[in-house]
Amino acid sequence: MNEKQTILIVDDSMLNRALLADMIGDAYRIVEAEDGKQAVAALQKEGTGISLVLLDYVMPQMNGFDVLEVMNRNGWIKDIPVIMVSAESDAAYIERAYELGVTDFINRPYDVNIVRRRVMNTLMLYQKQRTLMGMVADQVYEREKSNNLMVYILSHIVEFRNGESGMHVLNVQAMTEMILTHLMRLTDQYPLTAEDISLITMASSLHDIGKIAIPEEVLNKPGRFTDEEFAIMKTHSAVGSDMLDNLELYKDEKLVKVAREICRWHHERYDGRGYPDGLVGDEIPISAQVVALADVYDALTSQRVYKPPFSHEEALRMIREGECGSFNPLILECLTAVADDLESRLNRGVTGREISVDSLHLSEAALDNGVAKASSRTLELLDYERMKYHFFASMSNEVQFEYTDEPPMIVLSDWGDRKLGLPEIVMDPYHDEAFCRVFGNDNLAELNQRLRATTQEAPLVDMELEVTVNGETRWLHALARALWSDENPPEYLGSLGKFIDIDDRQAELHDLQFKAYHDPLTEVVNRAFARKVITERLGEEDECDRHSDHHVLAVCDLDFFKQANDTHGHQFGDRVLQHFAGRLQDSVRGGDVVARVGGDEFLVCMDCPVDPRPLIDRIHRSLEGEFEGFPLSVSMGVATTDDGVRDYDELFRRADVALYHKKRGGRGGYVFYDDLSEEERGSVIDGEFTALSGIDKNETDQ
């Protein structure tokens with residue numbers, strides 16, 4: 001309360017801004033803007049934290065009228081007074097300024113006493129208005145609270161007769177409000193206003209007042225009704241409407257009329273099978289349709305003398321599948337949309353229902369015919385939330401942002417602009433060169449597209465993007481919430497959210513992924529990852545062109561490798577394997593697959609549209625030689641897809657069989673599976689050993 005009030009001075013002349021600041025004095029906090037765009041940015045950032053705007057007319061980029069139009073469009077003009085300061089004295093300019101909502105007009109050259117007095121008077125006037133709005137808001141709040149309480153008591157008396165608590169009334173109220181609110185957003189088929197929703201919600205409490213005329217032995221019967229008893233029970237809807245019809249003084253009141261239609265028709269059904277009048281479809285007022293659904297849901301999920309409660313999920317299923325009668329498909333769609341919130345919103349008690357914010361707007365209507373958008377209580381809460389936002393933004397290491405679509409502008413948190421090397425306020429960020437250089441045009445386009453594709457019910461966007469900060473590439477996690485207007489259809493207003501630096505996490509993830517996919521010693525891919533990649537490349541038989549898509553898979557074995565470990569030690573053996581893996585990678589193309597599939601066995605898979613034999617011969621010659629005096633001898637088994645084999649396991653088996661025959665017939669060299677006889681191909685399929693499962697344990701390797 002002791003903080004200085006903030007005055008925003010908007011003028012493209014530094015001298016004029018300085019003069020006004022000196023005239024106003026040190027009693028106020030001064031914020032300056034040198035053009036209209038900076039003014040809008042300051043208003044966006046500080047909101048009702050600004051107590052007054054001194055606004056010049058003639059400015060570059062956005063003139064004073066442009067700023068006023070933005071303030072009108074965003075509703076700021078109702079909460080933040082504006083004094084136009086200008087050398088323009090044309091009556092048309094002054095009239096236009098007042099039309100756009102300015103409170104006062106000061107001509108240059110300035111008189112210090114006039115400036116001070118008009119600033120003080122304007123601030124005092126708005127402070128008094130806020131005080132009055134708060135007082136009226138409190139009165140309206142208490143009145144609606146009392147009205148709700150009286151309706152609740154009356155409804156509770158009715159419910160008490162048949163052993164039900166007043167929670168049924170409150171639950172029907174809450175559910176009616178939820179469904180109607182969603183219905184208003186979903187379609188314009190039913191022209192509902194916020195006032196209509198509030199009225200129907202209150203009137204829903206009276207839906208069963210006709211039960212007061214039903215005999216208690218029928219009302220509280222624990223078993224199934226006889227036909228006669230059911231006929232008596234059904235009369236409660238007509239009795240309730242008759243009771244309201246017979247009100248002499250208030251029967252023309254809107255609340256009474258809505259309550260009457262709810263009382264009479266809340267047991268009608270959309271297909272015409274309800275009572276008492278058998279209405280069909282939209283012959284049933286929308287108020288009665290929604291209350292009917294709320295009544296059925298709460299009856300299903302509540303304990304009754306004749307049944308135990310059903311679960312939330314079972315009640316939804318029964319309603320959707322028509323076990324409780326037919327309902328309007330649009331209302332069922334609304335039920336699905338609010339289903340997740342039902343259990344948390346219901347059964348909260350009389351003090352749990354929030355007084356409608358729309359009722360608080362009546363306080364402002366009493367002051368300015370309903371044009372104002374926020375009571376003093378709302379303004380205080382907004383100021384408090386804004387203060388919390390800036391505090392947490394300054395304390396966290398997240399880049400928090402607030403974006404408005406009209407005008408296009410993004411405001412970054414103080415820490416955020418230092419982190420990204422960007423100014424705190426960026427106008428038209430999607431076309432700002434520095435902003436696009438950091439975030440990338442493709443990232444921004446995708447983020448914008450995803451935000452605009454959200455809905456009021458699902459407004460969140462969660463994505464990861466690679467950015468460039470000070471020439472360094474980093475990963476950010478973007479979590480944003482789209483902001484939509486309450487119009488029908490809703491209009492995209494902008495977004496707010498944060499960017500979280502996850503570069504260290506991404507690096508760890510990349511490292512873990514590399515370790516999961518690669519052999520730790522040789523750093524070529526492992527057998528599992530090779531199988532996955534090769535399987536994808538081979539594809540299904542009907543997905544590939546067998547005439548042009550040819551692959552070669554070779555299994556390579558380093559002969560006599562055991563001797564390297566036995567004679568020089570395992571560390572030397574590791575260097576041999578690393579050297580061999582490097583030479584194998586160097587002998588093929590970058591896109592070919594090279595993997596370690598066993599101790600000293602490797603795999604290579606290549607796309608080869610020509611005769612593969614010269615290629616395999618070249619690779620084999622490049623692998624043989626010596627390493628630090630240890631001779632390198634390589635045996636290879638080769639299989640191709642030329643005969644239409646597209647299955648990885650079969651292709652690998654064939655290469656393995658060819659390698660087995662090569663090693664049994666003499667080390668060093670290569671054998672193609674296609675060159676084996678039928679007898680040779682089948683001789684080891686069911687045998688004990690293949691090249692990768694034991695032949696290296698033969699005595700010839702010792």
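Treat the numbers as computed from the prediction; the structure is a model and nothing was measured. Excluded from the calculations below are hydrogen atoms, water molecules and symmetry mates; all remaining heavy atoms, backbone and side chain alike, are included.
- Scanning both residues, Arg537 and Arg646, for their nearest heavy atoms gives O-NH2, 4.3 Å.
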- Task: Assess whether side-chain contact (heavy atoms from CB on, under 4.5 Å) is satisfied between Arg618 and Arg621, documenting all intermediate values.
- Result: CA-CA 5 Å; Arg618 177 184 61 78; Arg621 283 187 283 104; 4.1 Å; yes
- Message: Asp600 vs Lys562, test: salt bridge (charged side-chain N to carboxylate O under 4.0 Å, His left out). Steps then yes/no.
- Response: CA-CA 9 Å; Asp600 59 351; Lys562 189 173 182 299; over 6 Å; no
- Task: Test Tyr270 against Gln289 for side-chain contact (heavy atoms from CB on, under 4.5 Å), laying out the working first.
- Result: CA-CA 8 Å; Tyr270 204 66; Gln289 292 189 50; 3.7 Å; yes
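- By the neighbour-count criterion of 12 heavy atoms within 6.0 Å, atom CD of Glu626 is densely surrounded, having more than that number from other residues, nucleotides or ligands.
- At a threshold of 4.5 Å between non-hydrogen side-chain atoms, the residues Thr301 and Pro309 do not count as touching.
- The stretch residues 581-604 participates, sequence neighbours left out, in these ring pair (Phe, Tyr, Trp, His ring centres under 6.0 Å) pairs: Phe580-Phe602.
- Within the 4.5 Å cutoff, the side chain of Leu623 has no heavy atoms near those of the Leu632 side chain.
- Across all non-hydrogen atoms, the minimal contact from Cys605 to Ile534 is CB-CD1, 3.6 Å.
- Here the shortest heavy-atom pairing between Arg437 and Thr468 reads O-CB, 3.9 Å.
- Residue Asp340 holds its CG atom at 6.5 Å from NE2 of His312, rounded to the nearest 0.5 Å.
- Here the closest non-hydrogen pair linking Thr640 and Leu651 is O-CD1, 3.4 Å.
- You'll find the side chain of Met606 reaches within 4.5 Å of the side chain of Ile619, heavy atoms only.
- Not a single donor-acceptor pair under 3.5 Å links the side chain of Lys498 to the backbone N or O of Ala478.
- Between the side chain of His620 and the backbone N or O of Gly669, at least one donor-acceptor pair lies under 3.5 Å.
- Side-chain atoms of Glu601 come within 3.5 Å of backbone N or O of Gly599 as a donor-acceptor pair.
- Under the 6.0 Å cut-off for aromatic ring centres, Tyr430 and Tyr403 qualify, their centroids lying closer than that.
- When only modelled atom types and interatomic distance are considered, Tyr190 and Asn328 share a side-chain donor-acceptor pair under 3.5 Å.
- Between Glu624 and Val634, the closest heavy-atom pair is OE2-N, 3.0 Å.
- Atom CG of Leu422 sits about 7.5 Å away from atom CG of Asp432, to the nearest 0.5 Å.
- The main-chain N or O of His551 is found under 3.5 Å from a side-chain atom of Thr641 such that the two form a donor-acceptor pair.
- When side chains are defined from C-beta on, Thr522 does not count as touching Asp574, because their heavy atoms never get closer than 4.5 Å.
- A cation-pi contact, defined as under 6.0 Å to the ring centre and within 45° of the axis, links Arg527 to Phe652.
- Between His568 and Phe572, the ring planes are tilted. Angles from 30° to 60° get that label.
- With rounding to the nearest 0.5 angstrom, the OG atom of Ser311 is 9.0 Å from the CZ atom of Arg317.
- At a threshold of 4.5 Å between non-hydrogen side-chain atoms, the residues Phe327 and Arg269 count as touching.
- Judged by the 6.0 Å distance and 45° axis criteria, Arg667 is positioned over the aromatic ring of Phe560.
- Using a distance-only test at 3.5 Å, with no hydrogens or angles considered, no donor-acceptor pair links the side chain of Gln400 to the main chain of Val411.
- Within a 6.0 Å sphere centred on CG of Asp442, other residues, nucleotides and ligands contribute 12 heavy atoms or fewer.
- The side-chain heavy atoms of Leu300 and Ile319, taken from C-beta on, include a pair separated by under 4.5 Å.
- Counted within 6.0 Å of CD on Gln449, heavy atoms from surrounding residues, nucleotides or ligands total 12 or fewer; the atom is thus considered open.
- Within 6.0 Å of atom CZ in Arg273, 12 or fewer heavy atoms from other residues, nucleotides or ligands are found, so the atom counts as exposed in its surroundings.
- Between Cys436 and Pro429, the shortest heavy-atom contact is SG-O, 3.7 Å.
- Judged by a 6.0 Å distance limit and a 45° cone about the ring axis, Arg575 is not positioned over the six-membered ring of Phe627.
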- For side-chain contact (heavy atoms from CB on, under 4.5 Å), just list the numbers for Leu342 and Tyr297, CA-CA rounded to whole Å, side-chain angles, deciding distance to a tenth of an Å, and then say yes or no. CA-CA 10 Å; Leu342 278 179; Tyr297 172 85; 3.8 Å; yes
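- In terms of modelled atom types and a separation under 3.5 Å, the side chain of Asp341 and the main chain of Val338 share no donor-acceptor contact.
- For the atom pair CG (Leu183) and SG (Cys334), the distance works out to 4.5 Å, reported to the nearest 0.5 Å.
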- Message: As a quick check of understanding, evaluate salt bridge (charged side-chain N to carboxylate O under 4.0 Å, His left out) for Lys663 and Asp559, giving each step before the final call.
- Response: CA-CA 9 Å; Lys663 292 175 73 71; Asp559 298 327; 3.4 Å; yes
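- Counting heavy atoms from C-beta on, the side chains of Arg531 and Asp649 come closer than 4.5 Å.
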- Item | Verdict with supporting geometry, Thr454 and Arg450, side-chain contact (heavy atoms from CB on, under 4.5 Å) | CA-CA 7 Å; Thr454 63; Arg450 292 178 62 173; 6.0 Å; no
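- Rounding to the nearest 0.5 Å gives a distance of 13.5 Å between OH of Tyr660 and CZ of Arg653.
- With hydrogens and angles disregarded, a donor-acceptor distance shorter than 3.5 Å links the side chain of Arg681 to the backbone of Leu676.
- The structure places NE2 of His518 at 7.0 Å from CZ of Phe529, a figure rounded to the nearest 0.5 Å.
- At least one side-chain heavy atom of Glu402 sits less than 4.5 Å from a side-chain heavy atom of Gln44.
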